[in-house]
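Encoded as structure tokens, the structure appears first; notes follow it.
Only a predicted model underlies this, so the values are computations on that prediction, with no experimental measurement involved. Order of the sequence lines fixes the chain letters, A, B, ..., with proteins taken first and strands second; residue numbering starts at 1 for each chain. Just so you know, these numbers use all the heavy atoms, side chains as well, and skip hydrogens, waters and symmetry mates.
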There are 2 protein chains.
Amino acid sequence: MTRVLVVDDEPQIIRALRINLKARGYEVEIAGDGAAALHVAAHFHPDLVVLDLGLPDMEGTEVIAGLRGWTTVPIIVLSGRAGSTDKVAALDAGADDYVTKPFGLDELLARMRAVTRRIQPSGLPSVEIGAHTVDLATRAISGDVRLTPTEWQLLEHLVRHPGKLITQRELLHDVWGPQYQTETNYLRQYMARLRRKLEHDPARPRHLLTEPGMGYRFQP
Amino acid sequence: MTRVLVVDDEPQIIRALRINLKARGYEVEIAGDGAAALHVAAHFHPDLVVLDLGLPDMEGTEVIAGLRGWTTVPIIVLSGRAGSTDKVAALDAGADDYVTKPFGLDELLARMRAVTRRIQPSGLPSVEIGAHTVDLATRAISGDVRLTPTEWQLLEHLVRHPGKLITQRELLHDVWGPQYQTETNYLRQYMARLRRKLEHDPARPRHLLTEPGMGYRFQP
DNA sequence: GACATTTTTGACGCGTTGTTGACGCGGCCG
DNA sequence: CGGCCGCGTCAACAACGCGTCAAAAATGTC
């Protein structure tokens, strides 16, 4: 579920966005001014920020700069001002997109999909397992460890959904193919190899956990 | 230097973009229709595509889909149509931004900076391999070494993403073409030649590494 | 047209990886 | 208390992928 922080001070826009975004499966948080935006962003950790420039307390570029100081979260700016000076200032301050009011809701949604698409698929490209750091994006592991292609595929499916239980059928289907959905011996074999290579104590795994009868789970 | 592919069929827009982009240090290539765009993109490997939707031969979304089939290069769409349907269609097809004509040049440039900022945090045109210094920009190598065109292309793809694993399919597709994606013998052949020419000890490469079953990686 | 360079194609040895079968252990249930 | 199922482990074999050598075909150059 994508987490969206909406920063705006106009009640009707807030209302419209909250209803429509929630209806489309987004998790929505609201901030009424720039100071609240920075505060909420630090705690809510949004996947996307929709920022109205006409805030009462701060300049829009200040808010953008304040966010960019510590996060690379995508920012879509809403603004009534259509002048190119404002657009350039906001974009160069670190915004990812600039939509002028009045805007079509479906256009805003499409732009939200476009900017999150770039960020989302990789999710968290880097995770920690035992003493090793695994980077999905570059397929690199700290230390002198090498994974085979199947080991990578298996690990990737588990790490992509941290904390979530993945059923054996699911893993077998996605890594080996539709016709292998009952060959659980493959899973036992390769989970053991992953633990030997990554876990500190392979006999007592702390991150690559078994859920007996169900499947496996990656615990960050 | 950022490489931009401009896809448009209106001479005055082409002219304006070419002059202004080159003046700002971009490397510009032009394609006059959709088919040419796909062809040029495959060889030029742009860092950014500026795509006009009013092409004579193909629908804009087709061009986007054709590019998205094998590359994640940022795409900024130019269009005379301001309807939200067109915008949503282009964005959901894989475009990163949508600018309606007439557009301000400074706005387009700001949007180009915004989308490339996400992709290219590092672009080192010069790297060290073994005892040699390789300069991508001028295609020069220190010492008495000369590379053939294919060797350059292959090396360039690896060096462009330092530390990242590049799959064999990716390399074969980008260097030889879409229909060679399984001819891994080419890769074996040319990686060996690159190592012979660049690595200190070709039998034990330290920068041009093999990831068995997956692909190759350039380690700075 | 002759030559050198580059690309393409084929084949082989060897190490690694994927696959398969078997065994022991522990928990769950009757 | 005893049997059964699922999980972890080990060992063995087959299959594949990589590096390498060699040579033919294509390309460019004079």
Treating [X] as the side-chain partner and [Y] as the backbone partner, does any N or O pair qualify as donor plus acceptor under 3.5 Å?
X	Y	result
Asp9(B)	Gly32(B)	no
Ser142(A)	Thr133(A)	yes
Lys164(B)	Ala137(A)	no

For this session: Do nucleotides 2-10 of chain C as a string where each nucleotide becomes B, S or -: B if the base has a protein heavy atom under 4.0 Å, S if just the sugar-phosphate does, - if no protein is that close.
Result: ----SBBB-
How close or far is atom [atom2] of [N] from atom [atom1] of [X], stated in whole angstroms?
X	N	atom1	atom2	result
Leu172(B)	dC18(D)	CG	C1'	14 Å
Arg204(B)	dG19(D)	CZ	C1'	14 Å
Leu187(A)	dT19(C)	CG	C1'	14 Å
Asp201(B)	dT20(D)	CG	P	10 Å
Arg195(B)	dC18(D)	CZ	P	10 Å
Glu211(B)	dT16(C)	CD	C1'	14 Å

Exercise. If you take all heavy atoms of Tyr216(A) and Thr210(A), which pair is closest and at what distance?
Worked result: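 That would be CE2-OG1, 3.3 Å.
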Exercise. What is the minimum heavy-atom distance between Phe218(B) and Val159(B), and which atoms define it?
Worked result: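 Smallest interatomic distance, heavy atoms only, reads CD2-CA, 3.8 Å.
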For this session: Take Glu151(B) and Arg146(B) through the test salt bridge (Lys or Arg N to Asp or Glu O under 4.0 Å) and record every step on the way to the result.
Result: CA-CA 9 Å; Glu151(B) 287 167 2; Arg146(B) 238 174 17 95; over 6 Å; no
Problem set entry | Arg188(A) side-chain N/O to dG6(D) phosphate OP1/OP2 under 4.0 Å |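 For Arg188(A), the contact criterion (side-chain N or O under 4.0 Å from OP1 or OP2 of dG6(D)) is not met.
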Exercise. Within less than 4.0 Å of OP1 or OP2 of dG6(D), is there a side-chain N or O belonging to Gln168(A)?
Worked result: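 So the side chain of Gln168(A) is outside the cut-off, no N or O lying under 4.0 Å from OP1 or OP2 of dG6(D).
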Problem set entry | Positive for salt bridge (Lys or Arg N to Asp or Glu O under 4.0 Å) with Glu27(B), one of Arg3(B), Arg18(B), Lys22(B) |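 When salt bridge (Lys or Arg N to Asp or Glu O under 4.0 Å) is applied between Glu27(B) and each of Arg3(B), Arg18(B), Lys22(B), only Arg3(B) qualifies.
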Dump every N/O contact between nucleotides 28-30 of chain D and the protein below 3.5 Å, one line per pair.
none

Do any side-chain atoms of residues 78-95 of chain B form donor-acceptor pairs under 3.5 angstrom with protein atoms, and if so which ones, sequence neighbours left out?
from	atom 1	to	atom 2	distance (Å)
Ser79(B)	OG	Arg81(B)	N	2.9
Ser79(B)	OG	Arg81(B)	O	3.4
Ser79(B)	OG	Tyr98(B)	OH	2.9
Ser84(B)	OG	Asp106(A)	OD2	3.2
Lys87(B)	NZ	Glu107(A)	OE1	3.1
Lys87(B)	NZ	Glu107(A)	OE2	3.3
Asp92(B)	OD1	Arg113(A)	NE	2.8
Asp92(B)	OD1	Arg113(A)	NH2	3.4
Asp92(B)	OD2	Arg113(A)	NH2	2.8

For this session: Verify whether one side chain among Thr150(A) and Arg193(A) offers a donor that lies under 3.5 Å from an acceptor in the other.
Result: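 On atom types as modelled, these side chains do not qualify, holding no pair under 3.5 Å.
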Exercise. Taking the nucleotide of DNA chain D with the closest heavy atom to each, which residue, Arg196(A) or Tyr216(B), is nearer the 5' end?
Worked result: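 Closest to the 5' end, via its nearest nucleotide, is Arg196(A).
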